[in-house]
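Every chain is numbered from 1, with letters handed out A, B, ... down the list of sequences.
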Protein chains: 2
Amino acid sequence: MTRDYSLRAIEPPQPPEDRFVQFLKSRGKRITQQRRLIVEQVFSHHDHFDADELMDHLQELIAERKVSRPTVYRTLSELTEAGLIRKMTLGGRSVYEHEYGYPSHDHLHCEVCNKLIEFHSDEIERVRDSVARQHDFEVFSHRLFVSGLCRDCRKRKEQRSD
Amino acid sequence: MTRDYSLRAIEPPQPPEDRFVQFLKSRGKRITQQRRLIVEQVFSHHDHFDADELMDHLQELIAERKVSRPTVYRTLSELTEAGLIRKMTLGGRSVYEHEYGYPSHDHLHCEVCNKLIEFHSDEIERVRDSVARQHDFEVFSHRLFVSGLCRDCRKRKEQRSD
DNA sequence: CTACTTGCAAATCATTTGCAGATGA
DNA sequence: TCATCTGCAAATGATTTGCAAGTAG
(Lines give C-alpha, C1' and ligand atoms only; values in the text may rest on other atoms or scores of the structure.)
Protein backbone atom coordinates (compact mmCIF):
# COMPACT_ATOMS: atom_id res chain seq x y z
CA MET A 1 0.00 0.00 0.00
CA THR A 2 1.35 3.43 -0.85
CA ARG A 3 1.08 5.87 1.94
CA ASP A 4 0.98 9.53 1.19
CA TYR A 5 2.74 11.47 3.93
CA SER A 6 2.97 15.02 2.73
CA LEU A 7 5.63 17.63 3.41
CA ARG A 8 5.53 18.15 7.09
CA ALA A 9 4.73 14.58 8.09
CA ILE A 10 6.59 12.87 10.88
CA GLU A 11 7.64 9.32 10.17
CA PRO A 12 5.83 7.45 12.93
CA PRO A 13 7.73 4.81 14.94
CA GLN A 14 5.11 2.23 14.04
CA PRO A 15 2.30 2.17 11.50
CA PRO A 16 -1.10 3.40 12.63
CA GLU A 17 -2.59 -0.06 12.12
CA ASP A 18 -0.22 -1.48 14.72
CA ARG A 19 -0.92 1.39 17.05
CA PHE A 20 -4.59 0.63 16.76
CA VAL A 21 -4.06 -3.07 17.48
CA GLN A 22 -2.11 -2.08 20.55
CA PHE A 23 -4.90 0.24 21.65
CA LEU A 24 -7.55 -2.41 21.11
CA LYS A 25 -5.61 -5.01 23.07
CA SER A 26 -5.04 -2.61 25.94
CA ARG A 27 -8.79 -2.27 26.20
CA GLY A 28 -9.63 -5.93 25.84
CA LYS A 29 -11.20 -5.20 22.47
CA ARG A 30 -10.95 -7.48 19.49
CA ILE A 31 -9.07 -7.10 16.25
CA THR A 32 -11.86 -7.70 13.79
CA GLN A 33 -11.95 -7.77 10.06
CA GLN A 34 -13.97 -4.55 9.89
CA ARG A 35 -11.75 -2.59 12.24
CA ARG A 36 -8.79 -3.67 10.15
CA LEU A 37 -10.44 -2.57 6.92
CA ILE A 38 -11.49 0.79 8.31
CA VAL A 39 -8.12 1.84 9.78
CA GLU A 40 -6.44 0.80 6.61
CA GLN A 41 -8.77 2.95 4.52
CA VAL A 42 -8.51 5.88 6.90
CA PHE A 43 -4.72 5.92 6.75
CA SER A 44 -4.41 5.10 3.06
CA HIS A 45 -4.05 8.79 2.29
CA HIS A 46 -3.64 12.00 4.23
CA ASP A 47 -6.73 14.09 3.89
CA HIS A 48 -9.66 15.52 5.76
CA PHE A 49 -12.80 13.42 5.53
CA ASP A 50 -16.21 12.94 7.04
CA ALA A 51 -18.10 9.71 7.73
CA ASP A 52 -19.84 9.81 4.37
CA GLU A 53 -16.68 10.30 2.39
CA LEU A 54 -15.10 7.42 4.24
CA MET A 55 -18.11 5.27 3.43
CA ASP A 56 -17.84 6.25 -0.21
CA HIS A 57 -14.34 4.82 -0.20
CA LEU A 58 -15.63 1.71 1.50
CA GLN A 59 -18.66 1.38 -0.78
CA GLU A 60 -17.68 -1.98 -2.19
CA LEU A 61 -17.11 -3.47 1.22
CA ILE A 62 -20.39 -2.00 2.37
CA ALA A 63 -22.20 -3.43 -0.65
CA GLU A 64 -20.68 -6.83 0.13
CA ARG A 65 -21.83 -6.54 3.74
CA LYS A 66 -18.27 -6.65 4.98
CA VAL A 67 -18.68 -3.34 6.80
CA SER A 68 -21.74 -1.38 7.86
CA ARG A 69 -22.59 2.22 8.56
CA PRO A 70 -22.84 1.86 12.36
CA THR A 71 -19.50 0.07 12.46
CA VAL A 72 -17.87 2.90 10.57
CA TYR A 73 -19.14 5.36 13.16
CA ARG A 74 -18.17 3.09 16.02
CA THR A 75 -14.67 2.65 14.64
CA LEU A 76 -14.22 6.37 14.03
CA SER A 77 -14.93 6.91 17.71
CA GLU A 78 -12.38 4.31 18.67
CA LEU A 79 -9.76 5.79 16.39
CA THR A 80 -10.42 9.16 17.96
CA GLU A 81 -10.14 7.73 21.46
CA ALA A 82 -6.93 6.02 20.45
CA GLY A 83 -5.54 9.39 19.39
CA LEU A 84 -5.02 8.22 15.83
CA ILE A 85 -7.41 10.69 14.31
CA ARG A 86 -8.83 14.00 15.41
CA LYS A 87 -12.45 15.03 15.13
CA MET A 88 -13.61 18.53 14.36
CA THR A 89 -16.92 20.10 13.51
CA LEU A 90 -17.32 21.98 10.29
CA GLY A 91 -20.75 23.41 9.60
CA GLY A 92 -22.68 20.89 11.63
CA ARG A 93 -20.94 17.75 10.43
CA SER A 94 -17.99 15.93 11.90
CA VAL A 95 -14.78 16.02 9.94
CA TYR A 96 -11.74 13.93 10.75
CA GLU A 97 -8.03 14.15 10.03
CA HIS A 98 -4.94 12.16 10.93
CA GLU A 99 -3.49 12.99 14.29
CA TYR A 100 -1.00 10.17 14.71
CA GLY A 101 2.21 10.63 12.77
CA TYR A 102 1.33 14.18 11.99
CA PRO A 103 2.45 17.38 13.70
CA SER A 104 -0.13 19.55 15.43
CA HIS A 105 -1.42 22.26 13.16
CA ASP A 106 -4.23 24.71 12.55
CA HIS A 107 -6.39 25.50 9.55
CA LEU A 108 -7.26 28.18 7.07
CA HIS A 109 -10.75 27.37 5.84
CA CYS A 110 -11.97 28.73 2.52
CA GLU A 111 -15.62 29.65 2.83
CA VAL A 112 -16.20 29.29 -0.88
CA CYS A 113 -14.61 25.98 -1.84
CA ASN A 114 -14.33 24.52 1.66
CA LYS A 115 -10.65 23.80 1.20
CA LEU A 116 -8.65 23.33 4.40
CA ILE A 117 -5.08 24.60 4.39
CA GLU A 118 -2.89 23.42 7.23
CA PHE A 119 -0.26 25.46 8.99
CA HIS A 120 1.72 25.31 12.17
CA SER A 121 2.76 28.17 14.39
CA ASP A 122 4.85 27.89 17.52
CA GLU A 123 4.05 31.47 18.22
CA ILE A 124 0.37 30.74 18.57
CA GLU A 125 1.14 28.06 21.09
CA ARG A 126 3.30 30.49 23.00
CA VAL A 127 0.57 33.11 23.15
CA ARG A 128 -2.00 30.45 24.03
CA ASP A 129 0.09 29.21 26.95
CA SER A 130 0.73 32.68 28.21
CA VAL A 131 -2.97 33.54 28.16
CA ALA A 132 -3.80 30.26 29.87
CA ARG A 133 -1.27 30.95 32.59
CA GLN A 134 -2.94 34.28 33.28
CA HIS A 135 -6.21 32.46 33.86
CA ASP A 136 -4.79 29.55 35.85
CA PHE A 137 -5.98 27.35 33.05
CA GLU A 138 -4.41 24.00 32.18
CA VAL A 139 -4.18 23.58 28.41
CA PHE A 140 -4.90 20.21 26.83
CA SER A 141 -5.06 21.35 23.25
CA HIS A 142 -6.36 24.09 21.03
CA ARG A 143 -8.06 24.56 17.74
CA LEU A 144 -7.66 27.60 15.55
CA PHE A 145 -9.83 28.06 12.52
CA VAL A 146 -9.28 30.97 10.21
CA SER A 147 -12.16 31.60 7.83
CA GLY A 148 -11.75 33.46 4.59
CA LEU A 149 -10.96 33.11 0.93
CA CYS A 150 -8.21 30.94 -0.50
CA ARG A 151 -5.93 32.16 -3.26
CA ASP A 152 -7.87 30.47 -6.05
CA CYS A 153 -11.28 31.67 -4.96
CA ARG A 154 -9.89 35.13 -4.46
CA LYS A 155 -8.60 35.22 -8.02
CA ARG A 156 -11.88 33.95 -9.32
CA LYS A 157 -13.69 36.69 -7.45
CA GLU A 158 -11.37 39.40 -8.75
CA GLN A 159 -11.84 38.27 -12.34
CA ARG A 160 -15.58 38.45 -12.01
CA SER A 161 -15.50 41.98 -10.64
CA ASP A 162 -13.02 43.29 -13.25
CA MET B 1 -34.35 46.56 31.84
CA THR B 2 -30.92 46.15 33.38
CA ARG B 3 -28.28 45.25 30.90
CA ASP B 4 -25.20 43.46 32.10
CA TYR B 5 -22.18 44.54 30.09
CA SER B 6 -19.16 43.01 31.71
CA LEU B 7 -15.62 44.31 31.95
CA ARG B 8 -14.46 44.60 28.41
CA ALA B 9 -17.75 45.56 26.84
CA ILE B 10 -17.95 48.36 24.33
CA GLU B 11 -20.83 50.75 24.79
CA PRO B 12 -22.65 50.33 21.48
CA PRO B 13 -23.82 53.45 19.62
CA GLN B 14 -27.35 52.11 19.59
CA PRO B 15 -29.08 49.30 21.45
CA PRO B 16 -29.12 45.89 19.75
CA GLU B 17 -32.89 45.99 19.48
CA ASP B 18 -32.68 49.08 17.30
CA ARG B 19 -29.92 47.56 15.25
CA PHE B 20 -32.15 44.59 14.65
CA VAL B 21 -35.08 46.77 13.60
CA GLN B 22 -32.76 48.51 11.18
CA PHE B 23 -31.60 45.18 9.80
CA LEU B 24 -35.15 43.91 9.39
CA LYS B 25 -36.25 47.05 7.60
CA SER B 26 -33.30 46.93 5.25
CA ARG B 27 -34.46 43.49 4.23
CA GLY B 28 -38.13 44.27 3.93
CA LYS B 29 -38.83 42.07 6.93
CA ARG B 30 -41.41 42.86 9.58
CA ILE B 31 -40.96 43.90 13.16
CA THR B 32 -43.11 41.32 14.87
CA GLN B 33 -43.98 40.74 18.47
CA GLN B 34 -41.98 37.51 18.59
CA ARG B 35 -38.85 38.97 17.03
CA ARG B 36 -39.03 41.77 19.58
CA LEU B 37 -39.40 39.37 22.50
CA ILE B 38 -36.55 37.17 21.34
CA VAL B 39 -33.95 39.93 20.78
CA GLU B 40 -34.85 41.41 24.09
CA GLN B 41 -34.31 38.11 25.88
CA VAL B 42 -31.09 37.40 23.99
CA PHE B 43 -29.57 40.74 24.97
CA SER B 44 -30.93 40.85 28.52
CA HIS B 45 -27.64 39.47 29.79
CA HIS B 46 -24.23 38.71 28.41
CA ASP B 47 -23.69 35.00 28.34
CA HIS B 48 -23.21 32.03 26.07
CA PHE B 49 -26.39 30.12 25.36
CA ASP B 50 -27.90 27.52 23.10
CA ALA B 51 -31.37 27.35 21.61
CA ASP B 52 -32.71 25.27 24.50
CA GLU B 53 -31.41 27.60 27.17
CA LEU B 54 -32.95 30.51 25.34
CA MET B 55 -36.25 28.67 25.20
CA ASP B 56 -36.02 27.95 28.91
CA HIS B 57 -35.87 31.68 29.46
CA LEU B 58 -38.82 32.12 27.15
CA GLN B 59 -40.80 29.25 28.65
CA GLU B 60 -43.69 31.39 29.80
CA LEU B 61 -44.08 33.04 26.44
CA ILE B 62 -43.86 29.64 24.80
CA ALA B 63 -46.50 28.23 27.15
CA GLU B 64 -48.74 31.17 26.30
CA ARG B 65 -48.20 30.50 22.59
CA LYS B 66 -46.62 33.91 22.13
CA VAL B 67 -43.45 32.36 20.69
CA SER B 68 -42.73 28.95 19.27
CA ARG B 69 -39.71 26.73 18.88
CA PRO B 70 -39.32 27.19 15.10
CA THR B 71 -39.56 30.95 15.50
CA VAL B 72 -36.78 30.90 18.04
CA TYR B 73 -34.56 29.07 15.57
CA ARG B 74 -35.59 31.33 12.73
CA THR B 75 -34.86 34.43 14.75
CA LEU B 76 -31.49 33.13 15.92
CA SER B 77 -30.54 32.78 12.27
CA GLU B 78 -31.62 36.32 11.56
CA LEU B 79 -29.72 37.68 14.52
CA THR B 80 -26.65 35.86 13.30
CA GLU B 81 -27.09 37.21 9.79
CA ALA B 82 -27.52 40.67 11.24
CA GLY B 83 -24.17 40.28 13.00
CA LEU B 84 -25.75 40.76 16.40
CA ILE B 85 -24.82 37.34 17.66
CA ARG B 86 -22.23 34.79 16.70
CA LYS B 87 -22.83 31.09 16.34
CA MET B 88 -20.35 28.43 17.30
CA THR B 89 -20.46 24.68 17.59
CA LEU B 90 -19.59 23.07 20.86
CA GLY B 91 -19.82 19.30 20.95
CA GLY B 92 -22.46 18.97 18.27
CA ARG B 93 -24.82 21.70 19.44
CA SER B 94 -24.94 25.31 18.41
CA VAL B 95 -23.96 27.86 21.01
CA TYR B 96 -24.44 31.60 20.61
CA GLU B 97 -22.87 34.69 22.11
CA HIS B 98 -23.21 38.42 21.66
CA GLU B 99 -21.21 39.82 18.84
CA TYR B 100 -22.61 43.31 18.59
CA GLY B 101 -21.31 45.67 21.25
CA TYR B 102 -18.63 43.26 22.25
CA PRO B 103 -15.00 43.10 21.22
CA SER B 104 -13.75 40.11 19.27
CA HIS B 105 -12.33 37.47 21.52
CA ASP B 106 -11.43 33.82 21.84
CA HIS B 107 -12.22 31.14 24.39
CA LEU B 108 -10.73 28.86 26.96
CA HIS B 109 -13.14 25.95 27.30
CA CYS B 110 -13.13 23.81 30.43
CA GLU B 111 -13.72 20.21 29.45
CA VAL B 112 -15.06 19.33 32.87
CA CYS B 113 -17.57 22.07 33.70
CA ASN B 114 -18.00 23.43 30.16
CA LYS B 115 -17.26 26.95 31.32
CA LEU B 116 -16.19 29.38 28.59
CA ILE B 117 -13.60 32.00 29.56
CA GLU B 118 -13.16 34.85 27.11
CA PHE B 119 -9.90 36.54 26.24
CA HIS B 120 -8.56 38.80 23.57
CA SER B 121 -5.12 38.79 22.04
CA ASP B 122 -3.84 41.20 19.41
CA GLU B 123 -0.83 39.01 19.05
CA ILE B 124 -2.90 36.10 17.81
CA GLU B 125 -4.43 38.31 15.17
CA ARG B 126 -1.00 39.42 14.13
CA VAL B 127 0.27 35.87 13.75
CA ARG B 128 -2.94 34.87 11.99
CA ASP B 129 -2.57 37.65 9.43
CA SER B 130 1.04 36.86 8.83
CA VAL B 131 0.29 33.19 8.21
CA ALA B 132 -2.59 34.13 5.93
CA ARG B 133 -0.37 36.43 3.94
CA GLN B 134 2.06 33.59 3.36
CA HIS B 135 -0.75 31.56 1.85
CA ASP B 136 -2.33 34.35 -0.15
CA PHE B 137 -5.38 33.89 1.99
CA GLU B 138 -7.89 36.62 2.72
CA VAL B 139 -8.99 36.51 6.35
CA PHE B 140 -12.62 37.16 7.26
CA SER B 141 -12.44 36.02 10.86
CA HIS B 142 -11.01 33.37 13.09
CA ARG B 143 -12.00 31.20 15.97
CA LEU B 144 -9.59 29.94 18.60
CA PHE B 145 -10.71 27.39 21.12
CA VAL B 146 -8.39 26.29 23.87
CA SER B 147 -9.50 23.12 25.63
CA GLY B 148 -8.39 22.25 29.09
CA LEU B 149 -9.16 22.58 32.77
CA CYS B 150 -10.28 25.77 34.44
CA ARG B 151 -8.89 26.89 37.77
CA ASP B 152 -11.76 25.51 39.82
CA CYS B 153 -11.83 22.11 38.18
CA ARG B 154 -8.09 21.89 38.47
CA LYS B 155 -8.27 22.53 42.21
CA ARG B 156 -11.01 19.97 42.58
CA LYS B 157 -8.90 17.41 40.76
CA GLU B 158 -5.85 18.10 42.91
CA GLN B 159 -7.86 17.72 46.10
CA ARG B 160 -9.12 14.33 44.99
CA SER B 161 -5.64 13.07 44.21
CA ASP B 162 -4.06 14.35 47.46
C1' DC C 1 -55.37 44.32 1.52
C1' DT C 2 -51.72 40.92 0.87
C1' DA C 3 -47.13 39.57 1.52
C1' DC C 4 -44.57 38.28 5.21
C1' DT C 5 -44.84 35.43 9.63
C1' DT C 6 -46.15 32.23 12.73
C1' DG C 7 -47.36 27.74 15.05
C1' DC C 8 -48.14 23.19 14.26
C1' DA C 9 -47.00 18.80 12.90
C1' DA C 10 -44.23 16.36 10.23
C1' DA C 11 -39.81 15.88 7.90
C1' DT C 12 -34.68 15.87 7.93
C1' DC C 13 -30.38 14.06 8.62
C1' DA C 14 -26.30 12.71 10.83
C1' DT C 15 -25.40 9.81 14.35
C1' DT C 16 -26.63 6.31 17.92
C1' DT C 17 -28.75 2.25 19.95
C1' DG C 18 -31.22 -2.37 20.97
C1' DC C 19 -30.95 -6.74 19.79
C1' DA C 20 -30.27 -11.37 17.72
C1' DG C 21 -27.01 -13.65 15.23
C1' DA C 22 -21.91 -13.90 14.06
C1' DT C 23 -17.13 -14.21 15.38
C1' DG C 24 -12.49 -13.58 17.54
C1' DA C 25 -9.45 -15.13 21.52
C1' DT D 1 -16.72 -21.55 24.88
C1' DC D 2 -18.67 -17.07 25.38
C1' DA D 3 -17.87 -12.21 25.68
C1' DT D 4 -17.26 -8.99 22.24
C1' DC D 5 -18.88 -7.40 17.65
C1' DT D 6 -21.61 -6.70 13.84
C1' DG D 7 -25.55 -5.58 10.79
C1' DC D 8 -30.10 -4.38 10.75
C1' DA D 9 -33.84 -1.64 11.68
C1' DA D 10 -35.46 1.59 14.49
C1' DA D 11 -34.61 5.44 17.67
C1' DT D 12 -32.67 9.95 18.64
C1' DG D 13 -32.41 14.74 18.93
C1' DA D 14 -31.38 19.10 17.20
C1' DT D 15 -32.85 21.76 13.60
C1' DT D 16 -35.76 22.64 9.47
C1' DT D 17 -39.80 22.82 6.53
C1' DG D 18 -44.73 22.76 4.36
C1' DC D 19 -48.73 24.72 5.01
C1' DA D 20 -52.95 27.06 6.57
C1' DA D 21 -54.12 30.67 9.57
C1' DG D 22 -52.55 35.19 11.62
C1' DT D 23 -50.82 39.90 11.32
C1' DA D 24 -47.80 43.98 10.17
C1' DG D 25 -47.48 47.79 7.11
Side-chain angles (χ1 to χ4, degrees), chain A residues 17 20-42 48-56 58-82 85 87-96 114, chain B residues 17 20-42 48-56 58-82 85 87-96 114:
Chain A
E17 288 84 349
F20 193 39
V21 166
Q22 207 174 38
F23 168 82
L24 292 171
K25 284 188 175 161
S26 76
R27 301 274 186 122
K29 295 187 162 195
R30 292 172 179 173
I31 291 105
T32 63
Q33 196 48 215
Q34 15 290 84
R35 298 213 249 236
R36 246 198 266 279
L37 293 166
I38 295 169
V39 212
E40 190 176 311
Q41 177 56 53
V42 164
H48 300 85
F49 63 95
D50 62 20
D52 273 328
E53 287 164 348
L54 175 53
M55 287 191 275
D56 282 349
L58 294 168
Q59 55 180 278
E60 289 192 22
L61 295 167
I62 290 173
E64 296 168 33
R65 311 272 141 96
K66 294 286 198 298
V67 172
S68 71
R69 179 176 285 273
T71 295
V72 167
Y73 278 104
R74 287 189 275 237
T75 306
L76 283 172
S77 298
E78 291 162 348
L79 288 170
T80 306
E81 255 189 283
I85 61 177
K87 183 182 185 173
M88 36 192 183
T89 307
L90 187 51
R93 47 193 316 125
S94 293
V95 177
Y96 302 85
N114 270 313
Chain B
E17 288 85 347
F20 193 39
V21 165
Q22 209 173 35
F23 168 82
L24 292 171
K25 284 188 176 160
S26 76
R27 301 272 187 124
K29 295 187 161 196
R30 291 172 179 173
I31 291 104
T32 63
Q33 197 49 216
Q34 17 288 84
R35 297 213 249 235
R36 246 198 265 280
L37 293 166
I38 295 168
V39 212
E40 191 176 311
Q41 177 57 52
V42 164
H48 301 84
F49 63 95
D50 62 21
D52 273 327
E53 285 163 350
L54 175 53
M55 288 191 273
D56 282 349
L58 293 168
Q59 54 179 276
E60 289 191 22
L61 294 167
I62 289 173
E64 295 167 33
R65 312 270 139 100
K66 295 285 198 298
V67 172
S68 71
R69 179 177 285 273
T71 296
V72 167
Y73 278 104
R74 287 190 273 238
T75 306
L76 283 172
S77 297
E78 290 161 350
L79 288 169
T80 305
E81 255 189 284
I85 61 178
K87 183 181 186 173
M88 38 193 181
T89 306
L90 188 50
R93 41 191 326 122
S94 294
V95 177
Y96 302 85
N114 270 313

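The heavy-atom pair separating B/Leu37 from B/Lys66 by the smallest distance is CD1-CB, 4.5 Å.
B/Glu81 has a carboxylate O that lies under 4.0 Å from a charged side-chain N of B/Arg27, or vice versa, which qualifies the two as a salt bridge.
The separation between A/Leu76 atom CG and C/dT16 atom C1' is 13 Å, rounded to whole Å. Atom CZ in B/Arg36 sits about 14 Å away from atom P in D/dT23, given to the nearest Å. Taking atom CZ on B/Arg93 and atom C1' on C/dA14, their separation rounds to 15 Å, with Å as the unit. Atom CZ of A/Phe49 and atom P of C/dA14 are 17 Å apart (whole Å). The CG atom of B/Leu90 sits 17 Å away from the C1' atom of D/dT15 (whole-angstrom rounding). Distance CG (A/Leu37) to P (D/dG7): 10 Å, rounded to an integer number of Å. When the P atom of D/dA14 is taken as reference, atom CG of B/Asp56 falls 12 Å away, rounded to whole Å.
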Study note, to complete from the structure: In B/S/- notation (B base, S sugar-phosphate only, - none; protein heavy atoms under 4.0 Å), nucleotides 3-12 of chain C written 5' to 3' is BBSBBBB---

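Of the two residues near DNA chain D, B/Ile31 and B/Lys87, the one whose nearest nucleotide lies more 5' is B/Lys87.
For A/Tyr73, no side-chain nitrogen or oxygen approaches OP1 or OP2 of C/dT16 to under 4.0 Å.
No side-chain heavy atom of B/Thr75 sits under 4.5 Å from any side-chain heavy atom of B/Gln34.
Within 6.0 Å of the CD atom in A/Glu60, the count of heavy atoms belonging to other residues, nucleotides or ligands does not exceed 12.
For the atom pair CG (A/Asp56) and CD (A/Glu53), the distance works out to 7.0 Å, reported to the nearest 0.5 Å. Distance check: B/Thr71 OG1 to B/Leu58 CG gives 11.0 Å after rounding to the nearest 0.5 Å.
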